[in-house]
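The chain is numbered in sequence order, starting from 1. None of these values were measured; they are calculated from a predicted model.
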Amino acid sequence: MEERYTKIMEKWFLVDPVLFQVLCTHKLTINGHISCPLRSGRKMLEYNPDIVREMSDKALEEAMRAEAVRILLKHPYERRPDGCSQKA
C-alpha cells in the first residue's frame, strides 16, 4: 500500500497540490478492523490492507481523493451526527 500511496501522492504533488497538502497532514496507518478501504480522523488516514489490496490503482486514488475532500470540508473533525456523544 505504501508504494501505491506514494505514487499517487507524487502525482498529486504536480497536478493537485491542495489534495497533496491535505493528505500530508495525516499519517498513513494500517487498521484491519475497519470495514471500509480508507478512513480519516485524528490526523490519521487509516486503511484496511485486505480491502485496499483488491482495489485497482484508480479506485484507490478515488478513495484517497474522497477522504482528502472530506478533510478539506472538516467532516471528520467538526461534523457531528445528531445525538453523537463527545466522549465517544
Under the ring-ring contact (aromatic ring centres under 6.0 Å, His included) test, which residues partner Phe20, sequence neighbours left out?
-> Phe13
With sequence neighbours left out, the residues meeting side-chain contact (heavy atoms from CB on, under 4.5 Å) with Glu3 are none
Between the CZ atom in Arg4 and the CE atom in Met9, the distance rounded to the nearest 0.5 Å is 15.0 Å
Rounding to 0.5 Å, atoms CG (Asn48) and SG (Cys36) come to a distance of 8.0 Å
Starting at CG of Leu72, measure out to CD of Glu67 and round the result to the nearest 0.5 Å.
-> 11.5 Å
Where at least one partner belongs to residues 20-40, residue pairs that pass salt bridge (charged side-chain N to carboxylate O under 4.0 Å, His left out), sequence neighbours excluded = Arg39-Glu46
Residue set satisfying side-chain hydrogen bond (donor to acceptor under 3.5 Å, both in side chains) with Lys7, at least two apart, ordered chain then number -> none
Listed partners of Leu28 passing side-chain contact (heavy atoms from CB on, under 4.5 Å), at least two apart | Met1, Glu2, Tyr5, Leu45, Tyr47
Pairing residues for Ala59 by the side-chain contact (heavy atoms from CB on, under 4.5 Å) criterion, not counting sequence neighbours = Met55, Ser56
Between CG on residue Leu38 and OG1 on residue Thr29, distance to nearest 0.5 Å = 11.5 Å
Could you pull out all residues at least two apart from Glu54 that satisfy side-chain hydrogen bond (donor to acceptor under 3.5 Å, both in side chains)?
-> none
For the student: nearest non-hydrogen atoms of Ile51 and Ile34, plus distance | CD1-O, 4.2 Å
Who are the side-chain hydrogen bond (donor to acceptor under 3.5 Å, both in side chains) partners of Arg65, not counting sequence neighbours?
-> Asp16, Glu61
Residues Pro49 and Gly32: closest non-hydrogen pair is CD-CA, 4.2 Å
